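In this text the structure is predicted, and so the values were computed from the model without any measurement. When a ligand or atom number is given, it counts from 1 through the structure's own listing order.
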Amino acid sequence: MSRPVLIDTDPGCDDAVALLHALERPDLEVVGLSTVHGNAPVAETTENARRILELVGRTDVPVARGADRPLLVDLETAEHIHGEGGIQGDLPEPTAATRPIDVHGARFIVEQARAHTGDLVLAAIGPLTNVALALAMEPALPDLLDELVFMGGAAFTRGNVTPLAEANVHSDPHAAKRVVRDARPTVVGLDVTRRATLPPERIDGLPRDDPLGRSIDAWLTYYGPEDLERNRIDAAALHDALVLAAVADDRVLETDPYPLEVGADDGLARGALVADADGVTGREPNGRVAVAADYERFRALVGGSLERLVERVDVSVPE
Ligand code: BDR
Ligand code: CA
């Protein structure tokens, strides 16, 4: 039986790899995408999500456009990392087939959680605004889900937008605070995602002369030289893809329970996800944090999905 998963996303190069992997897994059923501001404004992340679905011929997957700004702080986007419009690659224009449904992304999350009571995995790989809004609409959301997993935070490592904060949590710290307090999440942060790389040479038969091959190549290598140097890695970090690899295979990540909190006040601690490792707060664990990853398993899983995809999708232009 396949595992239903709803992906809340802000594509984004690493989001794109995560989506391709999830869509290609026979053991996952992607019930839809909700989009959110993040790597670009939501109009663009929504368009990017649609273009990715068009690229791989999955226009059957519903797209629900979500929040266009964080709950309280100003919108910040990351085109300087992901490219103009928030994504790189060679993507088709969206058609009417992927027009967003007439439901807000947050409401779509609630509806899908109710429709798949107890079974749905909510994988959030952008700022947590939609998830926090969904929680406000339906406080029982955590009980309706099988699991809520999000890419965010830097619990035991340095941040990527400030010394303490990772981008998804920093972009909407109030939303992240609400989710961490109330939704018992599994948190997959920079502790493990920074080393989740997949050099394109690892993909057998990756075509270099068609839109799908060119897009995959661009997404696996979206970091510029400075990003690589700062992160001390030799290929781009596929943060979000690690989350969807772990949803497909529970041997990818090791997680431990911790009392968790998010700093939301302006200043150095904005967006810091804090795990109380020694129990000094005396609080009970309210979530889990990924503390180790099997990167070879990650590469085999995601690489395998991409290989199957390029074999399946014929994007060659007819003569
Ligand atoms: C996260 O921020 C975004 O830029 C990526 O898509 C990922 O979700 C990494 O900090
Ligand atoms: Ca993302």
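The atom name of the N/O/S atom in Asp240 closest to the Ca ion (ligand 2) is OD2. Residue-level check: among N/O/S atoms of Asp10, OD1 sits closest to the Ca ion (ligand 2).
Considering both main-chain and side-chain atoms, Asp15 comes within under 3.5 Å of ligand 1 through a nitrogen or oxygen pair. For ligand 1, the polar-atom distance check finds an N/O of Ile125 within less than 3.5 Å of one of the ligand's N/O atoms.
In the vicinity of Ala167, heavy-atom distances shorter than 4.0 Å reach the ligand 1 atoms 2 (O), 10 (O). The ligand atoms of ligand 1 that sit less than 4.0 angstrom from a heavy atom of Met151 are 1 (C), 7 (C), 8 (O), 9 (C). Heavy-atom proximity to His239, at under 4.0 Å, picks out these atoms of ligand 1: 9 (C).
The one candidate from Asp119, Asp146, Asp27 that meets the salt bridge (charged side-chain N to carboxylate O under 4.0 Å, His left out) condition with Arg3 is Asp146.
Note on ring orientation: taking the six-membered ring where Trp is involved, the planes of Tyr223 and His239 are tilted (angle from 30° to 60°).
Using a 4.0 Å cut-off between charged side-chain N and carboxylate O, Arg283 and Asp276 make no salt bridge. Salt-bridge check for Arg230 with Asp227: passed, with a basic side-chain N closer than 4.0 Å to an acidic carboxylate O.
Considering each of Asn160, Leu238, Asn39, the one bringing a non-hydrogen atom nearest atom 3 (C) of ligand 1 is Asn39.
Looking at Leu206 and Val310, their side chains come closer than 4.5 Å, going by heavy atoms from C-beta outward. A heavy-atom distance below 4.5 Å is found between the side chains of Pro200 and Arg208. Contact of the Leu148 side chain with the Arg184 side chain is not registered, since no non-hydrogen atoms from C-beta on lie closer than 4.5 Å. Here the side chains of Val73 and His170 are not in contact, with every heavy-atom distance at 4.5 Å or above.
Between the side chain of Asp191 and the backbone N or O of Phe156 there is at least one donor-acceptor pair closer than 3.5 Å.
The nearest protein atom to atom 10 (O) of ligand 1, hydrogens excluded, is given as Glu166 OE2, 2.5 Å; this is a heavy-atom distance. The nearest protein atom to atom 8 (O) of ligand 1, hydrogens excluded, is given as Asp240 OD1, 2.7 Å; this is a heavy-atom distance. In terms of protein heavy atoms, atom 6 (O) of ligand 1 is closest to Asp14 OD1, 2.6 Å. Nearest non-hydrogen protein atom to atom 2 (O) of ligand 1 is Asn168 OD1, 3.4 Å.
Here Asp15 meets the criterion, with an N, O or S atom under 3.0 Å of the Ca ion (ligand 2). For a distance bound of 3.0 Å, the N, O or S atoms of Gly38 include none lying that close to the Ca ion (ligand 2).
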